[in-house]
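These notes concern the structure reproduced below.
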Number of protein chains: 2
Amino acid sequence: MGATIRDVAREAGVSPATVSRVYNDSAPVREETRKRVLATAKRLRYVPNGTARSLSINKTHVLGFVLPEPHREFFSEIIRGIDETAHQAGYNMLVSSTHNRLENTHAALRVLRGRVDGLIVMSPHHEADLLMESLSPRTPVAFIMTAVGETPYDAFQVDNEGGGYEATRHLLEQGHRRIAIIKGPDDNLDTRERLAGYREALREAGVQADPSWELSGAFTRESGIAAAERLLELDPRPTAVFAMNDYMAFGALGAFQMAGLNVPGDVALVGFDDIMSAQYVNPPLSSIRVSSAELGRRVTQRLLDLVGRGSGLPDDPLRIKMATQLVVRDSSQISASG
Amino acid sequence: MGATIRDVAREAGVSPATVSRVYNDSAPVREETRKRVLATAKRLRYVPNGTARSLSINKTHVLGFVLPEPHREFFSEIIRGIDETAHQAGYNMLVSSTHNRLENTHAALRVLRGRVDGLIVMSPHHEADLLMESLSPRTPVAFIMTAVGETPYDAFQVDNEGGGYEATRHLLEQGHRRIAIIKGPDDNLDTRERLAGYREALREAGVQADPSWELSGAFTRESGIAAAERLLELDPRPTAVFAMNDYMAFGALGAFQMAGLNVPGDVALVGFDDIMSAQYVNPPLSSIRVSSAELGRRVTQRLLDLVGRGSGLPDDPLRIKMATQLVVRDSSQISASG
DNA sequence: TTTACAGATGAAACCGGTTTCATTGCCATT
DNA sequence: AATGGCAATGAAACCGGTTTCATCTGTAAA
């Protein structure tokens with residue numbers, strides 16, 4: 001075993017209380033005593049046990065973060081914002097991934113209970129009220145990109161509908177009328193919202209939406225390829241495609257070029273997320289930028305506020321929508337076609 | 001306050017011990033009693049306090065991960081491997097970032113002490129023995145990409161020297177003799193090792209290394225641009241460039257093209273890390289692939305072994321070097337030049 | 001000189017679980 | 001009927017910190 005506070009106290013000829021005071025500056029300690037305690041601690045290689053301390057002061061200085069997968073570029077940008085903000089406030093981050101499985105999410109929440117001062121949950125496939133039973137009423141929670149409905153939790157979302165609208169509107173403005181869309185999984189909140197934006201833009205422009213142009217994907221490059229291949233068989237073929245994320249757009253781009261089509265000459269393409277690679281592909285991909293790091297910062301800031309306030313649920317739950325921004329590059333501009 | 005085990009015990013008319021047994025299946029409990037306890041717990045919205053449990057059983061089921069930044073693509077691939085493996089074993093991941101600051105690393109290690117069952121530390125700028133004083137001798141530790149010297153800890157590295165050698169060798173084989181290199185920060189372990197590989201390949205080929213062709217960068221796109229601009233002023237100009245990571249290679253690529261040079265016709269280019277974007281840039285970037293996720297998996301597996309064994313330090317510290325793989329794309333093949 | 005109060009410290013309770021050990025009751029065996 | 005053994009449960013100690021409260025000492029104020 002490592003040395004405990006009692007070992008140090010005994011060896012230094014003081015009480016555990018005094019050792020604690022030395023480590024926390026929580027009360028005056030005679031300079032000579034302090035030195036003796038620290039010397040003894042060093043000799044015994046004593047380091048306070050964080051778990052015991054947490055239990056005692058009922059505070060962990062840890063924020064929990066439950067998300068589908070930690071490594072996707074988009075998520076990892078959010079992590080960056082969270083980490084930055086949490087770190088500044090002296091908090092650490094306990095990350096748990098769920099792979100979009102409801103039971104994993106429940107398990108993760110239960111594991112985190114009592115280990116974290118606050119919780120950030122990203123659950124794009126499952127609604128917040130399904131998770132309530134695994135949430136402690138005492139631990140503040142903020143949701144990201146999750147359907148919170150009327151639940152009394154803070155919610156931070158990307159303005160997916162606005163983004164979908166912007167992307168489609170941009171294609172319409174380029175003169176396109178036959179605009180296909182490559183969707184994510186149908187039960188995904190982002191999918192539903194971006195789709196709504198797409199349809200709204202079409203409706204507003206007086207273009208009839210055609211269900212056969214709404215293809216399902218899985219947010220992966222492969223599913224983008226598959227969707228593009230199905231699009232190639234349509235007659236008439238769409239002249240523009242809006243992919244609900246950049247990975248699928250990359251897949252579609254490759255498939256179109258493989259089939260001898262010119263992008264944007266034969267088919268214009270817009271993605272979503274504006275991940276780093278978007279600017280490097282050929283042609284550079286137009287996309288919808290989301291301030292993910294900023295989202296992470298804001299949600300963390302809010303959570304830290306709640307934690308500091310000591311109240312579990314906010315009096316007045318937030319409903320934040322982060323605006324998106326259209327980034328036009330060559331993949332959607334006929335003028336820049338080659 | 002949330003309900004505690006004693007609240008549940010009192011309400012259900014049993015002892016805390018019995019409630020504990022119900023939750024842990026650690027001893028037989030009469031079916032009727034079990035039901036009563038669970039019903040009471042549900043009514044009181046009782047959930048066991050993880051911190052208290054950890055303190056009691058002296059196990060947290062958490063692995064700590066200390067790394068420079070959580071969001072870089074390369075790191076996030078490692079996180080993926082760690083997360084995957086840890087998750088399968090029922091462990092969670094406590095992440096702390098240091099931004100390569102020694103004092104942050106010390107702080108992170110101290111915060112994690114007693115909160116984690118095992119520790120993975122990535123500290124490319126600072127050697128392991130500088131960190132020993134903040135490491136508990138009881139908590140197993142594995143280092144990634146850190147100079148461990150003779151310290152008794154497990155070490156997992158990328159075979160940077162081999163990768164640098166491979167990249168340079170490839171350029172030599174394409175007939176290049178004037179091969180420049182864009183380095184990372186000079187105090188970085190990866191930098192030093194990759195540089196050694198580069199020099200070794202040159203030496204072996206009988207090419208005199210020229211210090212003015214070894215440019216310092218910072219692993220960022222911007223530093224790649226700056227380095228390329230300096231290279232453009234050299235006379236004679238190098239015909240090939242090895243950038244120590246892909247971000248810098250992207251920067252250099254842009255700078256070369258901006259200056260009207262053809263890649264690979266006028267100057268061949270090889271990067272390092274093979275991040276996703278490498279295949280999408282124009283021309284696609286040759287790079288050195290590192291099995292980062294695999295690295296994450298292996299280090300985690302080893303750590304879990306140590307944790308399971310209950311011993312702090314390994315009897316026989318590992319020194320693992322993960323092999324790299326050259327991925328040749330158009331940026332370095334004259335035959336494919338356009 | 002007595003009083004008052006601040007500084008320094010220790011004893012013990014507490015945080016919320018787990019676990020050992022003892023006790024009780026019941027059934028099977030001899 | 002006496003004995004042995006197992007199932008079910010509770011009391012209390014324990015994990016390693018923090019904190020309240022009490023005590024003691026020394027010095028400044030009355």
Side-chain angles (χ1 to χ4, degrees), chain A residues 1-37 40-41 44-62 110-117 136 138-139 310, chain B residues 1-37 40-41 44-62 110-117 136 138-139 310:
Chain A
M1 286 289 171
T4 73
I5 200 170
R6 286 171 231 270
D7 298 330
V8 175
R10 185 174 0 88
E11 289 285 310
V14 298
S15 72
T18 296
V19 178
S20 174
R21 288 190 265 257
V22 167
Y23 272 82
N24 298 296
D25 262 332
S26 51
V29 173
R30 202 145 43 99
E31 188 51 30
E32 182 214 314
T33 312
R34 145 176 276 107
K35 276 192 188 140
R36 187 152 36 92
V37 166
T40 311
L44 300 185
R45 297 206 62 183
Y46 166 72
V47 177
N49 179 312
T51 302
R53 179 156 210 278
S54 290
L55 176 60
S56 195
I57 66 179
N58 198 27
K59 214 143 196 341
T60 63
H61 279 266
V62 171
R110 280 194 291 269
V111 169
L112 263 37
R113 294 273 293 256
R115 286 183 199 287
V116 298
D117 292 344
S136 156
R138 297 291 306 170
T139 306
Chain B
M1 289 287 173
T4 73
I5 200 171
R6 285 171 231 270
D7 298 331
V8 175
R10 185 175 357 90
E11 289 285 309
V14 298
S15 73
T18 296
V19 178
S20 174
R21 288 191 264 257
V22 167
Y23 272 83
N24 297 297
D25 261 332
S26 51
V29 173
R30 203 146 40 100
E31 188 51 30
E32 182 214 313
T33 311
R34 147 177 273 106
K35 276 191 187 142
R36 187 151 36 91
V37 166
T40 311
L44 300 185
R45 297 207 62 183
Y46 167 72
V47 176
N49 179 312
T51 301
R53 178 154 211 278
S54 290
L55 177 58
S56 195
I57 66 179
N58 199 26
K59 215 144 195 342
T60 63
H61 278 265
V62 172
R110 280 194 291 268
V111 169
L112 264 37
R113 294 273 293 257
R115 287 182 199 288
V116 298
D117 293 344
S136 157
R138 296 293 306 171
T139 307

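Throughout, a chain's letter reflects where its sequence line sits, starting with A, and its residues are numbered from 1.
Residues B:H61 and B:D117 approach most closely at N-OD2, 2.8 Å, considering heavy atoms. The heavy-atom pair separating A:T51 from B:L55 by the smallest distance is CG2-N, 3.5 Å. Taking every heavy atom of both residues into account, B:S26 and B:S20 meet most closely at OG-O, 4.4 Å.
Looking at heavy-atom distances under 4.0 Å, B:T33 makes contact with sugar-phosphate atoms alone, never a base. Residue A:L55 is classed as a base contact, given a heavy-atom separation below 4.0 Å to a base. Nucleic acid contact for A:S20: base, since at least one base atom lies under 4.0 Å from a heavy atom of the residue.
Counting distance only, with no hydrogens placed and no angle test, the side-chain atoms of B:T4 and the base atoms of C:dG16 include no donor-acceptor pair under 3.5 Å.
Remark: the backbone N or O of A:A12 is paired with a side-chain donor or acceptor of A:R36 at under 3.5 angstrom.
If you take CG of B:N24 and P of C:dG16, they are 17 Å apart, rounded to a whole angstrom. Counting to the nearest Å, the P atom of C:dG17 and the CG atom of B:N49 are 5 Å from each other. Nucleotide D:dG17 holds its P atom 17 Å from the CG atom of A:N58, rounded to whole Å. Rounded to a whole Å, the CD1 atom of B:I5 is 17 Å from the P atom of D:dA12. Here D:dT9 presents its P atom at 8 Å from CZ of B:R36, a figure rounded to the nearest Å. Rounded to a whole Å, the NE2 atom of B:H61 is 17 Å from the P atom of C:dG17. A straight line from OH of A:Y46 to P of D:dG16 spans 10 Å, rounded to a whole angstrom. The nearest whole Å value for the distance from the CD atom in A:E32 to the P atom in C:dA8 is 12 Å.
Of the candidates C:dT18, C:dT9, C:dG17, C:dT18 carries the atom nearest the B:I57 side chain, counting heavy atoms from C-beta on.
For the segment residues 6-17 of chain B, the set of residues with a heavy atom within less than 4.0 Å of an atom of DNA chain C comprises B:R6, B:A17, in numerical order.
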Hey, mind stepping through B:N49 and A:R113 against side chain to side chain contact (heavy atoms under 4.5 Å, CB included) and telling me if it holds? CA-CA 6 Å; B:N49 179 312; A:R113 294 273 293 256; over 6 Å; no
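Of the residues near DNA chain D, B:A27 and A:V19, the one whose nearest nucleotide (by heavy atom distance) lies more toward the 5' end is B:A27. For the pair B:E31 and A:R21, nearest-nucleotide mapping onto DNA chain D gives the more 5' position to B:E31.
Regarding contacts with the backbone of D:dT9, every side-chain N or O of B:T18 stays at 4.0 angstrom or more from both OP1 and OP2. Remark: A:R53 is in phosphate contact with D:dT18, judged by side-chain N or O atoms under 4.0 Å from OP1 or OP2. Regarding contacts with the backbone of C:dG7, every side-chain N or O of A:R30 stays at 4.0 angstrom or more from both OP1 and OP2.
Two residues are said to be in side-chain contact when any heavy atoms from C-beta on lie closer than 4.5 Å; B:R53 and B:N24 meet this criterion. Residues A:Y46 and A:I5 have side chains in contact (heavy-atom distance under 4.5 Å, counting atoms from C-beta outward).
Environment of NZ in B:K35: sparse, with no more than 12 heavy atoms of neighbouring residues, nucleotides or ligands closer than 6.0 Å.
Using a cut-off of 4.0 Å between Lys/Arg side-chain N and Asp/Glu carboxylate O, A:D25 and A:R34 are scored as salt-bridged.
Neither side chain, B:T60 nor A:R115, offers a donor N or O lying under 3.5 Å from an acceptor on the other.
In the helix from C:dT1-D:dA30 to C:dT30-D:dA1, the end axes, each obtained as the rotation axis mapping the C1' atoms of four pairs onto the next four within a five-pair block, lie 50° apart to the nearest 10 degrees.
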